[in-house]
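Report on the following structure.
Source: prediction; values computed, not measured.
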Amino acid sequence: MVSGDAPQAEGSVRVDVWIWSVRLTKTRAQAAAACRAGHVKVGGERVKPAQAVRVGDEVRLRHAGRDRVVVVSKIVKKRVGPPVAVECFVDNSPPPPPREIAIQVPVRDRGAGRPTKRDRREMERLQGHPQGHPPGR
């Protein structure tokens, strides 16, 4: 068997490669972009795509509107199938929000014009942003 195909117990691998290999993102480019955007943390610290990840590290990933918290249990260097991928990490993620809550989108009447500051704050409050500070601002 090629060394990159099977899960390995020792060594390290780039965090973007590992995230993609265990199927937390669909593409490696998405994994690297998440790292560059600051959506990936290893041990509580934001990391660059080339940061090494080892067995026992806690990886936090914000992807597709959901927070994932996983602990690395095996190192893989190449993408593996779903049954093998599940064995490579311990998932400590909070459960996803109910579908009804996740889909709530504020709706404005057509032709109502640009939202006022008060309207914007109300929309942010409904979306769960603390004190009108959405992420990314």
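Atom CZ in R46 sits 8.0 Å away from atom NE2 in H39 (nearest 0.5 Å).
Among pairs with a residue in residues 49-58, those fulfilling side-chain hydrogen bond (donor to acceptor under 3.5 Å, both in side chains) read E58-R60, at least two apart in sequence or across chains.
Grouping the Ile, Leu, Val, Met, Phe, Trp and Tyr side chains by contacts below 4.5 angstrom, directly or via other members, places I75 apart from W20.
In this structure, the side chains of S21 and K78 stay at 4.5 Å or more apart for every pair of heavy atoms.
Each of L24, V40, T25, I19 was checked for a side-chain contact (heavy atoms from CB on, under 4.5 Å) with R68, and the lone residue meeting it is L24.
Panel note: side chain S73, backbone C88; a donor-acceptor pair is recorded below 3.5 Å. Side-chain N or O atoms of S93 include one that pairs as donor or acceptor with a backbone N or O of V69 at under 3.5 Å.
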Just do the side chain to side chain contact (heavy atoms under 4.5 Å, CB included) check on V70 and N92 with the steps written out, would you? CA-CA 6 Å; V70 296; N92 295 331; over 6 Å; no
Step by step, work out the side chain to side chain contact (heavy atoms under 4.5 Å, CB included) result for V72 and F89. CA-CA 5 Å; V72 179; F89 61 87; 5.8 Å; no
Is there a side chain to side chain contact (heavy atoms under 4.5 Å, CB included) between V15 and C35 once you walk through the steps? CA-CA 8 Å; V15 69; C35 292; 3.8 Å; yes
With side chain to side chain contact (heavy atoms under 4.5 Å, CB included) as the criterion, how do K26 and H63 come out once you've worked through the C-alpha distance, each side chain's angles and the decisive distance to 0.1 Å? CA-CA 10 Å; K26 287 187 178 185; H63 180 68; 5.8 Å; no
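With sequence neighbours excluded, the residues that form a side chain to side chain contact (heavy atoms under 4.5 Å, CB included) with E122 are R125, L126.
For the pair R36 and P49, the tightest heavy-atom approach, listed with the atom from each and the gap, is CG-CG, 4.0 Å. Closest heavy-atom contact between V53 and R14: CG1-O, 4.3 Å.
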